[in-house]
Amino acid sequence: MQINKTYKFWFCTGSQDLYGDECLRKVAEHSAKIVEALNASNKIDYEIVLKPTLISQASIRQTFNDANNDPECAGVITWCHTFSPAKMWILGLKEFQKPLCHLHTQFNEEIPYDTIDMDFMNENQSAHGDREYGHIVSRMGIEREIIVGHWANETVQARIGTWMTTAIGVIESSHIRVCRFGDNMNNVAVTEGDKVEAQIKFGWEIDHYCVNDVVEYVDAVSEADVNALVEEYYSKYKIIDDGRDAAEFRKHVAVQAQQEIGIEKFLVENNYQAVVTHFGMLGGLKQLPGLAIQRLMEKGYGFGAEGDWKVAAMVRLMKLMTANKKDAKGSSLMEDYTYNLVPGKEGILQAHMLEVCPSCAEGDISMRVCPLSMGNREDPARLVFTSKTGPAIATSLVDLGNRFRLIINAVDCKKVEKPMPKLPVGTAYWTPKPDFATGCEAWILAGGAHHTAFSYDLTVDQMVSWANYMGIESIVIDENTNIRDFKKELKLNSVYYK
Ligand code: MN
């Protein structure tokens, strides 16, 4: 499945015709140099395209509408080199529908003390023009990223790169289609939600099928295709047989290979990029898809368990946002399972029944076949591993009845102290920020779920920014969180987002 699209970003410089042709020629020349430098930066993964300098209401409106209509354009970066009267921008901004970035920069880094005169001042006045432009964007209530600093500065370039990732999330969100096999697990509250509102806010299409619709695809997979994939599994993963007969073990693994091929064929033919299963609604499936779903997640599909379509869409979103990232560490559905409460070593062991994405794995990945304590199917094959260490984010999108809230927790991933030989699932282990007790208290206060969409490669700020573009509430639990202020923020948000 292709998840890398060729996205580009447009660079639009604002000015006006008051300054004369010579000044406008320099404005265009400076803009070209800036764009050239940004495109050469290793902090920026997407191409930036320079557009002609915007000096009139008509050209501004036309450019923003062209950006809307260009499927390759994922956002527009604006900068006012000189003064650009902001009433000219109103109609263009009003009609613009893609992520906006305001690069508040200046061509020269230093004041040219010896030569500066009023001509120089009039030509290099973004300190002045960008405030006029910023005013109208604020007055119109348009969400945008403002990045301040010299364009050659690596921190500035890194922030542009970071914003681009968020912009891809904004643009790609409306292409996510989630396929639900069965419904949400009965009586569970937090995996439920308003699918109509999700389509309005995020653009997600969330459909449902009878699980036996996919069983037909699974049953139709040829034995030769299954055998070839099983061979691939055996070449790629270690075997922990738990004393099972080798032929019987292989038969169980083959069921997952058949499911991987069948489910993916169904998703491709019906244009879905995320999938939801439920261990209690397996129809004609012989095993709960475990290894099969783990492999599909690794290929870039979103996944949610027990009907959790919100997590499925969020995992897919994270995979899209990080698709271009070099050395990405991984993303997955995770589930808060069990605690270590030993003072000084507190943490949450993350796993699921089976379905943790191997993109997060560090070290060996093994195959095991073990009973599932729930449901009434064959013992499913699954991939078993422990996950990478380092900073990461765990997110939970919850439906509060009148709105969505995205909870974003910065977490510190660690290795568990000792091996867990009897635990036959992929796991991760982390301590939430700011500390275990505060992190868990804040998470529960915010109504966060037990399922999360997890990423090593995205930041708290990127997800906050994404939520802002989507027009939904976000709340952060990180090193700055304290419970008194957190409770106040929840109360204030409940007024603002009503
Ligand atoms: Mn679960």
Side-chain angles (χ1 to χ4, degrees), residues 178-193 195 206 208 211 256 259 263 274-283 285 287-298 301-318 330-339 347-360 368 370-377 379-385 387 392-399 406-407 409 411 420 423-430 432 440 443-444 446-455:
V178 183
C179 171
R180 302 158 63 230
F181 292 123
D183 203 343
N184 292 64
M185 188 175 166
N186 287 340
N187 294 319
V188 176
V190 80
T191 59
E192 283 281 7
K195 298 192 282 290
I206 304 140
H208 109 278
V211 67
Q256 294 286 334
Q259 288 181 349
I263 295 171
V275 60
V276 159
T277 61
H278 175 7
F279 68 89
M281 289 184 194
L282 292 176
L285 291 175
Q287 299 174 13
L288 173 65
L291 199 159
I293 289 292
Q294 291 177 293
R295 298 256 313 175
L296 290 174
M297 258 194 283
E298 194 176 21
Y301 290 94
F303 173 73
E306 292 93 54
D308 197 336
W309 51 267
K310 299 198 297 301
V311 164
M314 288 302 293
V315 170
R316 168 65 181 166
L317 183 82
M318 288 178 157
S331 53
S332 184
L333 152 84
M334 291 284 183
E335 185 168 67
D336 298 302
Y337 236 111
T338 200
Y339 289 139
I348 316 172
L349 186 64
Q350 303 288 327
H352 201 262
M353 278 179 181
L354 304 171
E355 313 92 333
V356 175
C357 180
S359 65
C360 299
R368 286 176 80 167
C370 302
L372 201 63
S373 52
M374 284 171 240
N376 55 354
R377 293 295 192 281
D379 299 353
R382 77 286 304 273
L383 297 174
V384 182
F385 51 84
S387 294
I393 56 164
T395 67
S396 176
L397 181 67
V398 291
D399 186 335
L406 182 67
I407 303 153
N409 192 183
V411 301
M420 301 175 289
L423 188 65
V425 285
T427 59
Y429 182 72
W430 69 61
C440 292
W443 185 272
I444 292 168
H450 55 284
H451 286 166
T452 57
F454 165 86
S455 170

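One is the number of the first residue; the rest follow in order along the sequence. Just so you know, ligand 1 is whichever comes first in the structure, and atom 1 is the first atom listed for that ligand.
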### Query
Got a second to check how far Gln350's CD is from Thr427's OG1, nearest 0.5 Å?
9.5 Å
### Query
Does Cys370 offer a backbone N or O that forms a donor-acceptor pair with the side chain of Arg382 under 3.5 Å?
yes
### Message
Would the distance check show the side chain of Gln259 and the main-chain N or O of Gln287 forming a donor-acceptor pair, the cut-off being under 3.5 Å?
### Response
yes
#### Entry: Pairs where residues 181-191 contributes a residue and the test salt bridge (Lys or Arg N to Asp or Glu O under 4.0 Å) is met, not counting sequence neighbours
Arg180-Asp183
#### Entry: Single hit among His451, His450, His278 for side-chain hydrogen bond (donor to acceptor under 3.5 Å, both in side chains) with Glu306
His451
### Nearest-0.5 Å distance, OG1 of residue Thr452 to CG of residue Asn409
9.5 Å
### Query
Under 2.8 Å from the Mn ion (ligand 1), protein N/O/S atom count?
4
